[in-house]
Amino acid sequence: MQTNISEKFLSNLQIKDAETILRSCVHCGFCTATCPTYQLLGDELDGPRGRIYLIKQVLEGSEISRKTQTHLDRCLTCRSCETTCPSGVRYGRLVEIGREIVDQQVPRSLLQKIPRQLLRKIVPYPARFAPLYKLGLLFRPLLPDSLKRKLPLPQSSGNTSNAVKERKMLVLQGCVQSVVTPQTNAAAARILQKLDIELIAAPAAGCCGAVSHHLSAHEEGLEFMRRNIDAWWPYIEQGAEAIVITASGCGTVVKDYAELLKHDTRYAEKAKRVSALAKDISEILHRENLLELSTVKPSIKVAFHSPCTLQHGQQLDGLVERILVRAGFTLTQVTDAHLCCGSAGTYSILQPKLSQQLLDNKLAALQNGQPDVITTANIGCQMHIASKAQVPVKHWLEVLNEHLV
């Protein structure tokens, strides 16, 4: 694709990245076949190719309208198109840059600003989110079923004692996950303990930066990333083998630290090291010997929902499934497994209508095989799917941990 970037953008380092991405697109349209919003709406501008053209027009100096903003807002950033694209177009990065530029030029209404501000100021901070979650639980019995199911009851993380081991790995605690489903990281710690690996948390680490980053607060997101690098660095210098991440959405962002901070002279090299150490828990367990530990009831049928951030963002499609099968679980067939469930970080809040359509389609596929439990690898997907599912919805680590010797 030929480009003619407007002079007013040429000094922006991000725009240089965007131009490189734009030039890699060959207009083939394969991306539209796997784009969830294009499948629902049938509008070229609600597919990757159309959005790429919109961003190109913006960067070439065309008038930016609210219509452009709307079409970019509707993108899930699921990156299914990246998996399909034969040219390796880094669409996810491009749309983030495009959104930021558009949001700087097109003021949002107060009704649009308020939820975005609240999400940025509450979700990344467990100390702020936890009291509101507890308040919601207090009034949960009075809420209609549609809202009640969006507030999952807290579960005990059980015995989280972590014996000292020679092998040590850092763990990202997560924001919402650390409050709503602490049992996920507890399960990870117990499984790794059996493999003689100790999980350690850096107290000063916090949000991975995803919420700010995806809501066009670029610098705010980078500050979260820098803080995490500073918090993890002493442990890395002491020999931590990996940074284990149990929420695939966070994992995708941490693995992108090197790209997002490559122009930061103070943090570029450290960010590269952090991204190299960042591993989804499935990557760790895949290379360890779980077969000697596992004992699974043959009657358990599991439907696994592979989050977009796992299969498209991190390109780890099929890895969790292989681990579960090796451990003895029976996996049900899930049609259109490549499609998003509609959670997509803050998407279920900011685009509720489209999100619910995608959720209904995903649940039909997941429950068609009559599973005993639905599992997934990301807290956002877990809560979203559980809001309507007819069977329990858990993180796959919980199910695995329940059946280990």
Side-chain angles (χ1 to χ4, degrees), residues 1-25 27 31 35 37-38 41 43-79 81-82 89-121 123-124 209-225 253 256 259-264 344-347 349-354:
M1 180 181 288
Q2 294 183 342
T3 57
N4 184 24
I5 304 300
S6 172
E7 288 187 7
K8 66 180 178 180
F9 293 124
L10 289 179
S11 62
N12 187 325
L13 293 175
Q14 286 199 94
I15 302 307
K16 292 180 180 179
D17 291 341
E19 183 176 26
T20 300
I21 298 169
L22 283 170
R23 287 178 177 269
S24 67
C25 178
H27 327 281
C31 53
C35 175
T37 51
Y38 179 78
L41 301 171
D43 187 332
E44 175 76 9
L45 297 180
D46 284 313
R49 184 171 59 180
R51 294 186 181 111
I52 286 173
Y53 276 111
L54 288 175
I55 294 169
K56 178 178 182 291
Q57 289 174 348
V58 166
L59 298 185
E60 290 182 339
S62 297
E63 183 180 353
I64 306 173
S65 68
R66 190 170 298 279
K67 180 182 178 182
T68 299
Q69 189 179 59
T70 297
H71 288 299
L72 295 184
D73 282 350
R74 286 179 185 159
C75 176
L76 292 142
T77 327
C78 68
R79 294 167 67 170
C81 55
E82 291 187 15
V89 176
R90 294 185 295 129
Y91 170 82
R93 179 73 182 120
L94 178 65
V95 81
E96 287 163 357
I97 296 170
R99 279 171 170 164
E100 185 178 0
I101 296 296
V102 170
D103 282 356
Q104 290 170 356
Q105 304 294 321
V106 181
R108 291 189 179 275
S109 67
L110 190 61
L111 287 176
Q112 287 183 319
K113 286 181 180 178
I114 290 175
R116 284 169 169 76
Q117 283 290 331
L118 289 175
L119 287 166
R120 284 171 46 203
K121 299 306 178 185
V123 174
V211 175
S212 302
H213 182 61
H214 294 314
L215 289 177
S216 300
H218 182 66
E219 282 303 319
E220 183 179 270
L222 293 181
E223 280 305 307
F224 279 114
M225 297 173 197
V253 173
D256 277 349
E259 169 68 21
L260 296 169
L261 287 164
K262 67 181 180 182
H263 300 302
D264 188 320
T346 59
Y347 195 90
I349 296 171
L350 300 176
Q351 299 286 336
K353 183 178 178 180
L354 289 173

Consider side-chain contact (heavy atoms from CB on, under 4.5 Å). Of Val106, Val58, Leu45, which one does Thr68 pass it with? Val58
Would you please test Tyr91 and Cys75 for side chain to side chain contact (heavy atoms under 4.5 Å, CB included) and show each step? CA-CA 11 Å; Tyr91 170 82; Cys75 176; 3.2 Å; yes
For the residue pair Ile55 and Leu72, establish whether any side-chain heavy-atom pair is separated by less than 4.5 Å. yes
Please determine, by modelled atom types, if Gln14 and Glu100 share a side-chain donor-acceptor pair under 3.5 angstrom. yes
Just checking, is any N or O donor in the side chain of Thr37 or Arg51 under 3.5 Å from an acceptor N or O on the other one? yes
Are Cys35 and Pro48 close enough that some pair of their side-chain heavy atoms sits under 4.5 Å apart? yes
How long is the gap from CG on Asp103 to CD on Gln112, to the nearest 0.5 Å? 9.0 Å
Distance-only, no hydrogens or angles: does the Ser65 side chain make a donor-acceptor pair with backbone N or O of Lys67 under 3.5 Å? yes
Scanning both residues in full, the closest heavy-atom pair of Pro124 with Leu119 reads CD-O, 3.2 Å
Just wondering, do Val253 and Met225 contact through their side chains at under 4.5 Å, heavy atoms? yes
Glu220 side chain vs His213 backbone, donor-acceptor pair below 3.5 Å: no
Distance col, row Leu22:CG vs Leu94:CG, nearest 0.5 angstrom, shows 5.0 Å
Go through the steps to decide whether Glu82 and Arg90 satisfy the test salt bridge (Lys or Arg N to Asp or Glu O under 4.0 Å), and finish with yes or no. CA-CA 6 Å; Glu82 291 187 15; Arg90 294 185 295 129; over 6 Å; no
Should the heavy atoms of other residues, nucleotides or ligands under 6.0 Å from CD of Gln104 be counted, would the total exceed 12? yes
Any side-chain heavy-atom pair of Gln117 and Leu215 under 4.5 Å: no
Are Lys262 and Asp17 within salt-bridge range, i.e. N to O under 4.0 Å? yes
Under a plain distance cut-off of 3.5 Å, with no hydrogens placed, do His27 and Tyr53 share a side-chain donor-acceptor pair? yes
Test item: side-chain donor near acceptor, Ser6 and Glu60, under 3.5 Å: no
Would you check if Lys16 and Leu13 make a side-chain contact, meaning some heavy-atom pair closer than 4.5 Å? yes
Indicate yes or no: at least one non-hydrogen side-chain atom of Leu354 is less than 4.5 angstrom from one of Leu41. yes
Here the pair of heavy atoms bringing Ala18 nearest to Leu59 is CB-CD1, 3.8 Å
Could you give the distance from CZ (Arg120) to NE2 (His214), rounded to the nearest 0.5 Å? 14.0 Å
If we only count heavy atoms from C-beta on, is the Tyr38 to Cys31 side-chain gap below 4.5 Å? no
Taking Asp73 as the fixed residue, which of Arg108, Arg66, Gln351 is the one that meets the side chain to side chain donor-acceptor pair (under 3.5 Å) rule? Arg108
So, does Ser24 use its side chain to make a donor-acceptor pair with the main chain of Ile21 at under 3.5 Å? yes
Smallest heavy-atom separation, Leu350 atom then Pro115 atom, equals CD2-CB, 4.0 Å
Check Ser212 against Phe224 and note the closest heavy-atom contact, atom names and distance. OG-CE1, 3.4 Å
Given Val89 and Ile52, is the side chain to side chain contact (heavy atoms under 4.5 Å, CB included) satisfied, shown in steps? CA-CA 10 Å; Val89 176; Ile52 286 173; 4.3 Å; yes
Are the side chains of Gln57 and Ile64 in contact, using a 4.5 Å heavy-atom criterion? no
Step by step, work out the side chain to side chain contact (heavy atoms under 4.5 Å, CB included) result for Leu222 and Leu261. CA-CA 7 Å; Leu222 293 181; Leu261 287 164; 3.8 Å; yes
Nearest-0.5 Å distance that lies between atom CZ in Arg49 and atom CG in Asp46: 13.5 Å
Residues Arg99, Glu96: salt bridge by 4.0 Å N-O rule: no
Mark yes when over 12 heavy atoms from residues, nucleotides or ligands other than Lys8 sit less than 6.0 Å from its NZ; otherwise mark no. yes
